[in-house]
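Encoded as structure tokens, the structure appears first; notes follow it.
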2 protein chains.
Amino acid sequence: MKTPVPRATVQRLPLYLQILDERGDQARTSSDELAALAGITAAKVRKDLSYLGSYGTRGVGYDVEQLRFEIRRALGLTRDWRLAIVGVGNLGSALANYDGFQAGGFCIAAVFDADPAKVGTEVAGVTVSPVGRLVRDVRRLGIDIGVVAVPAEAAQGVTDTLAAAGVRSILNFAPTVVRAPDGVEIRRVDLSTELQVLGYHLHLVTGGPPEAAIA
Amino acid sequence: MKTPVPRATVQRLPLYLQILDERGDQARTSSDELAALAGITAAKVRKDLSYLGSYGTRGVGYDVEQLRFEIRRALGLTRDWRLAIVGVGNLGSALANYDGFQAGGFCIAAVFDADPAKVGTEVAGVTVSPVGRLVRDVRRLGIDIGVVAVPAEAAQGVTDTLAAAGVRSILNFAPTVVRAPDGVEIRRVDLSTELQVLGYHLHLVTGGPPEAAIA
DNA sequence: GCGTGTGAACATCTTCACAGCA
DNA sequence: TGCTGTGAAGATGTTCACACGC
């Protein structure tokens with residue numbers, strides 16, 4: 001019993017949560033409805049939700065409010081995680097102002113940039129600090145998650161600094177692969193990966209290779 | 001033989017490509033090296049690459065240049081896909097200027113925004129057009145992929161318009177679930193999903209629930 | 001010897017089909 | 001009756017271990 005909730009399920013819980021958040025007005029929902037909105041099968045929804053416990057009512061469905069609570073609890077969103085965003089270019093600013101970030105379970109506790117012209121300005125209500133203060137501030141503020149939104153060249157350095165400051169979870173948006181010591185979890189969000197996967201499917205359908213005719 | 005290359009493999013190919021692009025200077029590499037850099041096992045790398053064909057040399061390794069070419073070919077990056085970015089807020093601007101987008105296989109052919117103040121300005125070398133021209137321009141320019149970077153409220157409308165204009169592939173960055181008719185592939189990139197998954201792992205390690213004691 | 005390529009074993013994820021309960 | 005919850009079957013993905021060819 002290493003993982004109470006399967007990995008694949010964890011990845012879908014945020015999706016269910018988003019759907020439920022968008023329909024906070026209705027009292028109940030069903031696996032069929034959730035499935036239609038999520039674009040997956042009802043059986044998958046039921047199985048996913050069953051890992052959290054038996055919170056549905058047979059013949060009726062799920063209570064929206066309760067389900068939201070249970071999913072948030074399973075994801076550990078009952079407490080707020082403190083974020084530090086490093087890099088306030090377009091991407092960093094977009095992240096800082098992103099609805100989902102502030103909405104549930106996350107608060108932006110600090111924002112850093114290497115550019116002196118940006119230091120002192122405000123982003124999403126937080127004053128930008130110089131990267132030189134990163135280690136000190138991260139420790140002082142008890143930052144849980146570091147968000148790396150700097151150019152590729154600077155990403156490894158920032159990651160090292162965050163890890164040195166004691167951050168255990170890092171979300172990397174820079175288009176490069178960064179390494180960190182054991183015990184530090186890194187998730188990579190590569191915007192171009194998504195495009196390339198889309199491109200692959202287009203490629204299969206349109207001007208694909210000879211084999212495409214078989215599919 | 002429905003899918004020549006397994007789905008899970010396709011998702012990792014962009015990662016290999018990125019790693020290879022960063023070491024274009026060296027002539028050869030090995031599954032061990034790639035695995036270390038990608039943070040996965042060597043066996044997985046070999047299996048993934050074997051789906052593309054037998055491009056390695058036993059006892060030696062892989063030719064970096066050839067491997068790059070074969071991965072690009074498998075992903076359909078031998079031709080350029082034309083993108084349209086809708087929404088030029090911080091996120092849209094970040095996407096337009098994102099290295100990976102222009103680098104390989106993708107070109108930004110059009111950029112749209114609903115704000116009259118933004119129309120006419122330049123983003124990443126492309127003049128911003130009003131959304132009213134979306135259908136016409138998308139058809140005229142032969143846009144392959146639509147990138148939705150508008151607020152959540154506007155996302156479904158933009159998706160509908162893109163689909164109506166004949167776009168078959170859509171990348172949605174808005175924090176909401178959008179639907180499209182059959183035949184239109186949608187990929188969702190939810191920046192907060194990634195955070196929530198990180199939060200889940202933190203939650204398991206640190207102040208976990210009572211059940212955590214079992215794990 | 002060395003690192004790829006690959007069947008076979010194993011693990012995980014998804015789908016099915018239906019029992020169980022409101 | 002209606003919809004959840006879930007074992008069992010099936011599909012997909014990963015790891016192992018070793019044959020193969022440089």
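Chain letters run A, B, ... following the sequence lines, proteins first and then strands; every chain starts at 1.
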Would a distance-only check, ignoring hydrogens and angles, find a side-chain to backbone donor-acceptor pair under 3.5 Å from Arg168(B) to Gly183(B)? yes
How long is the gap from CG on Asn97(B) to CG on Leu91(A), to the nearest 0.5 Å? 11.0 Å
Within a reach of under 6.0 Å around CG of Asp182(A), are more than 12 heavy atoms found that belong to other residues, nucleotides or ligands? no
Can any side-chain N or O of Gln156(A) pair as donor or acceptor with the backbone N or O of Arg179(A) at less than 3.5 Å? yes
Applying a 4.0 Å non-hydrogen cut-off, can you work out what Arg12(A) is touching in the nucleic acid: base, sugar-phosphate, or nothing? sugar-phosphate
Whole-Å gap separating C1' (dC2(C)) and CD (Glu33(B)): 15 Å
Do the side chain of Asp144(B) and the main chain of Trp81(B) share a donor and acceptor less than 3.5 angstrom apart? no
Whole angstroms only, please: what is the CG-C1' distance between Leu49(B) and dT4(C)? 10 Å
Ala8(A) side chain, from C-beta outward: closest of dG13(D), dT6(C), dT14(C): dT14(C)
Main-chain N/O of Gly142(A) paired with Arg82(A) side-chain donor or acceptor, under 3.5 Å: yes
Heavy atoms of Ala109(A) and Ile143(A) approach each other most closely as CB-CD1, 3.7 Å
Take the protein atom CG of Asp48(B) and the nucleotide atom C1' of dG5(C), then report the distance between them rounded to whole Å. 13 Å
Quick one: which of Leu191(A), Asp190(A), Leu195(A) gives a side chain to side chain contact (heavy atoms under 4.5 Å, CB included) with Thr193(A)? Asp190(A)
Looking at Gln18(B) and Pro175(A), would you say the former's side chain and the latter's main chain have a donor-acceptor pair under 3.5 Å? yes
Separation of dT4(D) atom C1' from Leu67(A) atom CG, nearest Å, is 12 Å
For the salt bridge (charged side-chain N to carboxylate O under 4.0 Å, His left out) test, which of Arg68(B), Arg73(B), Arg72(B) pairs with Glu70(B)? Arg73(B)
Proximity to DNA chain D (any heavy atom under 4.0 Å), residues of residues 38-47 of chain B only: Thr41(B), Lys44(B), Arg46(B), Lys47(B)
Can you list, in residue-number order, the parts of residues 53-64 of chain A that come under 4.0 Å of DNA chain D, counting heavy atoms only? Ser54(A), Tyr55(A), Gly56(A), Thr57(A), Arg58(A), Gly59(A), Val60(A), Gly61(A), Tyr62(A)
Asp32(A) atom CG is separated from dT15(C) atom P, nearest whole Å, by 14 Å
When every non-hydrogen atom of Pro14(A) is compared with those of Gln196(B), the smallest separation belongs to CB-OE1, 3.0 Å
Between the axis at one end of the helix from dG1(C)-dC22(D) to dA22(C)-dT1(D) and the axis at the other (five pairs apiece), what's the angle to 10 degrees? 10°
